[in-house]
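What you see is a predicted model, and the numbers here were worked out from it, not measured in a lab.
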Amino acid sequence: MNFKKYPIFLNLENKNILIVGGGNACLEKLNGLEFTGAKIHVIAINFSAEVKTFLAKYPNITTEERAVGEEDINHRDIIFLGTSDSGINQKFRALAKEKGIWVNSVDDPKNCDFYSSSSVSIGPVQFAISTDGKFAGMSSTLRKLFEEIIPEEDHELMETLFEMRRNLKEILPNDKERRLVLKEIVQNLNSRYFHKH
């Protein structure tokens, strides 16, 4: 049976994250984790120039240029295995499973505890797109589509709308009154701009 995945947004603030490998997969994970507030530790035999450039911006990310060892996976909340050696990835995936640690192994989607999603942040709204690790190109295509539909200059407008809604909760604490006001705003917009004569 092909089970569906349950989409969630994780709060990784102060969580202990290990990334193994220093190539493209590492860079992809670092980009995704950049503003999460996680405590990140990267271990790799060597780091690509792009990864080194990224790491130079974040001295608080711990890095070690060596082979990963069994003791390295202890006390981790999440592990990303992204080495080019599938044997290493497989070995540490099994070790982490024994310890009950969640693992994402880039070369073994069917045995991942979770998949990284391609995400788009537009002001306060975040979209996450996943293809179960089967169709990475589709994720980036959809991401570009979202970015084109809601251009950069609209981000401020969305922030304003969210701020207005927050303020409205204080002005009108009564749920029913608030709904009526929001309904009236939508109806005014609809009749003025979208109503077909």
Where the side chain of [X] meets the backbone of [Y], is there a donor-acceptor pair that is under 3.5 Å apart?
X	Y	result
Asn31	Leu27	yes
Asn104	Phe80	no
Asp72	Gly69	yes

Below 4.5 Å, heavy atoms only, C-beta onward: do [X] and [Y] meet side chain to side chain?
X	Y	answer
Glu184	Asn188	yes
Phe47	Leu55	yes
Leu10	Leu12	yes
Arg76	Lys99	no
Ile78	Lys15	no
Arg66	Ile43	yes
Leu95	Glu70	yes

Could you tell me which non-hydrogen atom of [X] sits nearest to which non-hydrogen atom of [Y], and how far apart they are?
X	Y	result
Glu65	Ile45	CG-O, 3.2 Å
Asn14	Lys39	OD1-CE, 3.7 Å
Ala44	Gly21	CB-C, 3.5 Å
Gly23	Val51	O-CG2, 3.4 Å
Arg178	Asp175	NH2-OD1, 3.0 Å
Val106	Gly82	CG2-CA, 3.7 Å

Working for side-chain contact (heavy atoms from CB on, under 4.5 Å), residues Ile61 and Leu30: CA-CA 10 Å; Ile61 295 176; Leu30 285 169; 4.1 Å; yes
side-chain hydrogen bond (donor to acceptor under 3.5 Å, both in side chains) between Asn89 and Thr83, worked out: CA-CA 7 Å; Asn89 293 343; Thr83 78; 2.8 Å; yes
[Y] reachable from [X] in the ILVMFWY side-chain graph, under 4.5 Å edges:
X	Y	result
Leu33	Phe114	yes
Ile79	Val42	no
Val68	Ile101	yes
Ile17	Ile8	yes
Val103	Ile19	no

Cation-pi check, Lys57 onto Phe54 ring (under 6.0 Å, within 45° of axis):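 Checked: cation-pi criterion met.
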Just how far is it from atom [atom1] of [X] to atom [atom2] of [Y], taken to the nearest 0.5 Å?
X	Y	atom1	atom2	value
Glu177	Leu182	CD	CG	12.0 Å
Arg179	Asn174	CZ	CG	9.0 Å
Lys91	Leu81	NZ	CG	12.0 Å
Lys52	Glu50	NZ	CD	11.0 Å
Cys112	Asp107	SG	CG	8.5 Å
Ser116	Lys29	OG	NZ	3.0 Å

Other residues, nucleotides, ligands: >12 heavy atoms within 6.0 Å of Asp85 CG: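 Check passes, neighbour count above 12.
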side-chain contact (heavy atoms from CB on, under 4.5 Å) evaluation trace for Leu180 with Lys176: CA-CA 6 Å; Leu180 282 171; Lys176 282 183 181 173; 5.6 Å; no
Salt-bridge criterion met for Asp113 and Arg93 (N-O under 4.0 Å):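 The answer is yes: the pair qualifies as a salt bridge.
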Asp77-Asn16 side chain donor-acceptor pair, cut-off 3.5 Å: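 Absent: no donor and acceptor within the cut-off.
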